[in-house]
Protein chains: 2
Amino acid sequence: MHESLTIGQLSARSGVAPSALRYYERLGLIRAERTGGNQRRYARTELRRVAFIRISQQVGVSLDEIREALDSLPSSRNPTPDDWAALSRAWRDRLDEKIRLLGKLRDDLDGCIGCGCLSLQRCTLYNPEDSLASEGPGARLVLPRPAADVTAG
Amino acid sequence: MHESLTIGQLSARSGVAPSALRYYERLGLIRAERTGGNQRRYARTELRRVAFIRISQQVGVSLDEIREALDSLPSSRNPTPDDWAALSRAWRDRLDEKIRLLGKLRDDLDGCIGCGCLSLQRCTLYNPEDSLASEGPGARLVLPRPAADVTAG
DNA sequence: CTCCAAGTTGAAGCGCACTTCAACTCAAGG
DNA sequence: CCTTGAGTTGAAGTGCGCTTCAACTTGGAG
């Protein structure tokens with residue numbers, strides 16, 4: 001068992017395409033050492049970072065926000081499970097909120113569609129304040145492709 | 001009170017930018033009559049279609065899929081509440097599924113992050129089969145901005 | 001040594017859902 | 001009429017999260 005992983009190995013283990021991993025590195029989400037020949041070598045702890053990235057994306061967090069979150073990890077020492085848990089707690093809150101809002105949307109859909117209020121602005125489905133929060137331009141409530149899909153490339 | 005709405009009026013009432021409404025029309029999601037001077041005039045029923053589009057987006061459905069769904073509405077007669085309810089039922093199922101999966105993700109996150117398995121492929125968070133289903137490339141589990149805002153999507 | 005899969009780079013392209021722009025026309029009030 | 005705000009078009013631009021490409025280098029097996 002080796003100390004470090006090549007980009008192909010990290011890709012295979014994380015299910016994230018090499019091109020995506022390079023992209024993450026450009027954005028500062030992960031880091032890599034270099035060999036004499038300039039090839040990337042990843043510490044095993046990067047696996048966890050990649051896992052966190054993918055999971056966070058499923059929760060609906062942008063790469064930019066994920067970067068900010070990862071920046072809060074201690075850089076001097078290896079992050080402990082506690083460090084990761086702290087990071088995850090905020091994500092969990094987001095999940096809870098998201099679940100709550102989707103439940104509300106579902107209930108509203110039941111009550112709303114049939115009654116004809118769908119066209120009214122006061123319909124709760126149209127109320128931005130208590131509706132699903134904005135995540136900024138370009139964002140969609142759509143689920144990312146599964147890791148396996150991306151992998152092969 | 002008028003029979004038809006201008007694009008500005010539909011925009012104001014739906015919270016969707018005129019440019020987005022034109023875009024929806026190009027994609028075949030909504031329709032408009034034209035005045036002698038070539039300006040769009042929307043039947044009031046289009047309001048409901050726009051509402052359905054925005055709500056569907058919040059549920060995570062792509063415009064392409066929404067178009068398919070709207071195509072199932074009767075074109076000969078005005079859609080009844082029952083027609084709309086039938087349309088919404090499928091969306092409701094999607095919502096239920098989405099809620100279920102997010103709940104699972106949350107529970108897994110709790111059990112997973114702290115225990116160190118985050119880096120393991122067998123982690124349920126990494127299991128594509130029972131994870132959140134793919135919605136195609138480019139898609140994200142991120143919530144759209146509220147209707148009142150820029151819209152969008 | 002040779003070979004070639006696997007790695008490297010910057011730049012360009014893609015898909016979605018729009019927005020912006022320029023250049024123009026329409027519609028309604030004064 | 002004239003003005004002005006609202007509407008029209010096609011084309012191009014935006015932002016995100018990547019992928020693809022061309023041209024080239026590395027590194028490990030045989």
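Just so you know, these numbers come straight off a predicted model, no measurement behind them. Below, read A as the first sequence line, B as the second, and so on, with proteins coming before strands; counting in each chain starts at 1.
Protein atom CD of B:Glu65 is 14 Å distant from nucleotide atom C1' of C:dA17, rounded to whole Å. What separates CD1 of B:Ile53 from P of C:dC18 is a distance of 9 Å, to the nearest Å. Remark: P of C:dC16 and CD1 of B:Ile66 are 13 Å apart, rounded to the nearest angstrom. Distance, B:Ile30 CD1 to C:dC18 P: 11 Å, rounded to whole Å. Atom C1' of nucleotide C:dT20 and atom CG of B:Leu21 are separated by 16 Å, given to the nearest angstrom. Note: CD (A:Glu33) to P (C:dG7) measures 17 Å, nearest angstrom. Rounded to an integer number of Å, the gap from B:Glu25 CD to C:dT19 P is 15 Å. Atom-to-atom, CD of A:Gln9 to P of D:dG27 comes out at 14 Å; the value is rounded to the nearest Å.
A salt bridge does not link B:Arg40 to B:Glu46: none of the charged side-chain nitrogens sits closer than 4.0 Å to a carboxylate oxygen. Salt bridge annotation for A:Arg34-A:Glu25: present, with a cationic side-chain nitrogen under 4.0 angstrom from a carboxylate oxygen. Comment: A:Asp93 does not engage A:Arg89 in a salt bridge, judged by the lack of any side-chain N to carboxylate O separation of less than 4.0 angstrom.
Between B:Asp64 and B:Leu27, every side-chain heavy-atom pair lies at or beyond the 4.5 Å cut-off. In this structure the side chain of B:Arg49 reaches within 4.5 angstrom of the side chain of B:Trp84, judged on heavy atoms.
Between B:Gln57 and C:dC18 there is a side-chain polar atom (N or O) within less than 4.0 angstrom of OP1 or OP2. The side chain of B:Thr6 contributes an N or O atom lying less than 4.0 Å from OP1 or OP2 of D:dG7. One finds no side-chain N or O of B:Tyr24 lying less than 4.0 angstrom from the OP1 or OP2 phosphate oxygen of C:dA17. Taking side-chain N and O atoms only, A:Arg22 has a distance below 4.0 Å to OP1 or OP2 of C:dT8. Side-chain N/O atoms of A:Arg26 include none lying less than 4.0 angstrom from OP1 or OP2 on D:dC16. Taking 4.0 angstrom as the limit, B:Arg40 places a side-chain polar atom (N or O) nearer than this to OP1 or OP2 of D:dT8. Using a 4.0 Å cut-off, no side-chain N or O of A:Arg34 falls inside it from OP1 or OP2 of D:dT25. The side chain of B:Thr35 places no N or O atom within less than 4.0 Å of a non-bridging phosphate oxygen (OP1 or OP2) of C:dC26.
Here the side chain of A:Gln39 is nearest to one of D:dT26, C:dT9, C:dC18, namely D:dT26. Closest to the side chain of A:Leu63, out of D:dG7, C:dT19, D:dC18, is D:dC18. Looking at the side chain of A:Ser19, the nearest of the listed nucleotides C:dT20, D:dG17, D:dT20 is D:dT20. Each of D:dC18, D:dG27, D:dT8 was ranked by its minimum atom distance to the side chain of A:Arg41; first place goes to D:dG27. Closest to the side chain of B:Tyr23, out of C:dA17, D:dT8, D:dC18, is C:dA17.
Comparing B:Asp64 and B:Asn38, the nucleotide of DNA chain C nearest to each residue sits closer to the 5' end for B:Asp64. Map A:Gly36 and A:Leu27 each onto its nearest nucleotide of DNA chain D; the residue landing nearer the 5' end is A:Leu27.
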List the steps and the verdict of salt bridge (charged side-chain N to carboxylate O under 4.0 Å, His left out) for A:Arg44 and A:Glu3.
CA-CA 7 Å; A:Arg44 307 188 62 79; A:Glu3 273 271 300; over 6 Å; no

